[in-house]
Amino acid sequence: DLFEARRGRLSAVMGRDFADNSLSIDAEREGLRLTGHAGLPTLNRATARMQFLFVNGRPVRDRLLAGAVRAAYQDVLARDRHPMVALFLDVPPDEVDVNVHPAKAEVRFRDSSLARGLIVGALKHALAGAGLLTLGLRQMGSMEEYDSAVAATRAALAERPEMRDLIRYATLAANGH
């Protein structure tokens, strides 16, 4: 399986913790495909050095992509923390300009909002699917819906022993701390 083989290679670079505490990402939108692995919010670093982003197989350090990763995790990570990710974005060649930077470390997308939206949406979907993302009260119709979402998330997290710190964080966040 592609994801398991890639996860094994990534663990050699990013550490066994990443392999054990990451979610598989596989999403497609309008010809763009995003695959890879995203670390659980509890697996984070003080810098973005453990964020590996690739466009059409080429490693890039791109502000748009890094900002999309930050936006996806904003509800579950403190501002000064960075998630560990290894994301591979495949884009039709006519939709991306790789000659923006002399070292080809930056890219320019024909439709940057499409690329950003795919990354944010795929990461949030994976986090929500793992029970790690709840909606805030203002996004819910009532306090009962909010309480129900928080209870469901806590129950999902309680089934995973490695998630105890996140349960504590979610409890503090739900109480406004």
Practice problem: Would you give the length of the straight line joining atom CG of Asp75 to atom NZ of Lys124, rounded to the nearest 0.5 angstrom? | Solution: 4.5 Å

Quiz item: Where do His37 and Ser24 come nearest, in terms of heavy atoms and distance?
Solution: CE1-OG, 3.4 Å

Practice problem: Give a yes or no on whether the backbone of Ala19 and the side-chain of Arg7 come within a donor-acceptor separation of less than 3.5 Å. | Solution: yes

Exercise. Return the set of residues passing side chain to side chain contact (heavy atoms under 4.5 Å, CB included) with Arg70 (not counting sequence neighbours), or none when no residue passes.
Key: His82

Self-check item: Cluster check Leu114, Val69: I/L/V/M/F/W/Y, side chain < 4.5 angstrom
Solution: yes

Quiz prompt | Heavy-atom closest contact (Ala126 atom, Leu23 atom, distance) | solution = O-CD1, 3.6 Å

Quiz prompt | Sequence-distant partners of Ala38, side chain to side chain contact (heavy atoms under 4.5 Å, CB included), two or more places apart | solution = Ile25, Tyr73, Val85, Leu123

Identify all side-chain donor-acceptor contacts of residues 8-18 below 3.5 Å with residues at least two apart in sequence or on another chain.
{"from": "Ser11", "atom 1": "OG", "to": "Gly8", "atom 2": "O", "distance (Å)": "2.8"}
{"from": "Arg16", "atom 1": "NH2", "to": "Asp20", "atom 2": "OD1", "distance (Å)": "3.2"}

Quiz item: What residues form a side-chain hydrogen bond (donor to acceptor under 3.5 Å, both in side chains) with Arg110, not counting sequence neighbours?
Solution: none

Quiz item: Should Leu118 and Leu89 count as side-chain neighbours, where that means a heavy-atom distance under 4.5 Å?
Solution: yes

Practice problem: Please name all residues satisfying side chain to side chain contact (heavy atoms under 4.5 Å, CB included) with Asn44, sequence neighbours left out, ordered by chain then number. | Solution: Leu77, Arg81

Practice problem: Rounded to the nearest 0.5 Å, what's the gap from CZ on Arg49 to CE on Met84? Could you check? | Solution: 11.0 Å

Quiz prompt | Of all pairs that satisfy salt bridge (Lys or Arg N to Asp or Glu O under 4.0 Å), the ones with a partner from residues 24-38, not counting sequence neighbours | solution = Asp26-Arg33

Self-check item: Heavy-atom closest contact (Leu127 atom, Pro41 atom, distance)
Solution: CD2-CD, 3.9 Å

Quiz item: Who are the ring-ring contact (aromatic ring centres under 6.0 Å, His included) partners of Phe88, not counting sequence neighbours?
Solution: Phe54

Quiz item: Closest approach of Val91 and Asn56, non-hydrogen atoms and distance?
Solution: N-OD1, 2.7 Å

Quiz item: With side chains defined as the heavy atoms from C-beta onward, is the minimum distance between Ser22 and Leu43 less than 4.5 Å?
Solution: no

Quiz item: Among pairs that include at least one residue of residues 36-45, which meet salt bridge (Lys or Arg N to Asp or Glu O under 4.0 Å), considering only residues two or more places apart or in two chains?
Solution: none

Quiz item: Under the side-chain hydrogen bond (donor to acceptor under 3.5 Å, both in side chains) test, which residues partner Arg6, sequence neighbours left out?
Solution: Thr35

Exercise. Report yes or no: does Gln51 contribute a side-chain atom to a donor-acceptor pair with the main-chain N or O of Pro83 at less than 3.5 Å?
Key: yes

Quiz prompt | CG on Leu53 to CD1 on Ile119, rounded to 0.5 Å | solution = 7.0 Å

Self-check item: Contacts of Ser112 that satisfy side-chain hydrogen bond (donor to acceptor under 3.5 Å, both in side chains) - sequence neighbours left out
Solution: none

Quiz item: When you measure from the side chain of Asp62 to the backbone N and O of Val107, does any donor-acceptor pair fall under 3.5 Å?
Solution: yes

Quiz item: If you group Ile, Leu, Val, Met, Phe, Trp and Tyr by side-chain heavy-atom gaps below 4.5 Å, do Val55 and Leu87 land in one group?
Solution: yes

Quiz item: With Thr47, which residues qualify under side-chain hydrogen bond (donor to acceptor under 3.5 Å, both in side chains), at least two apart?
Solution: none

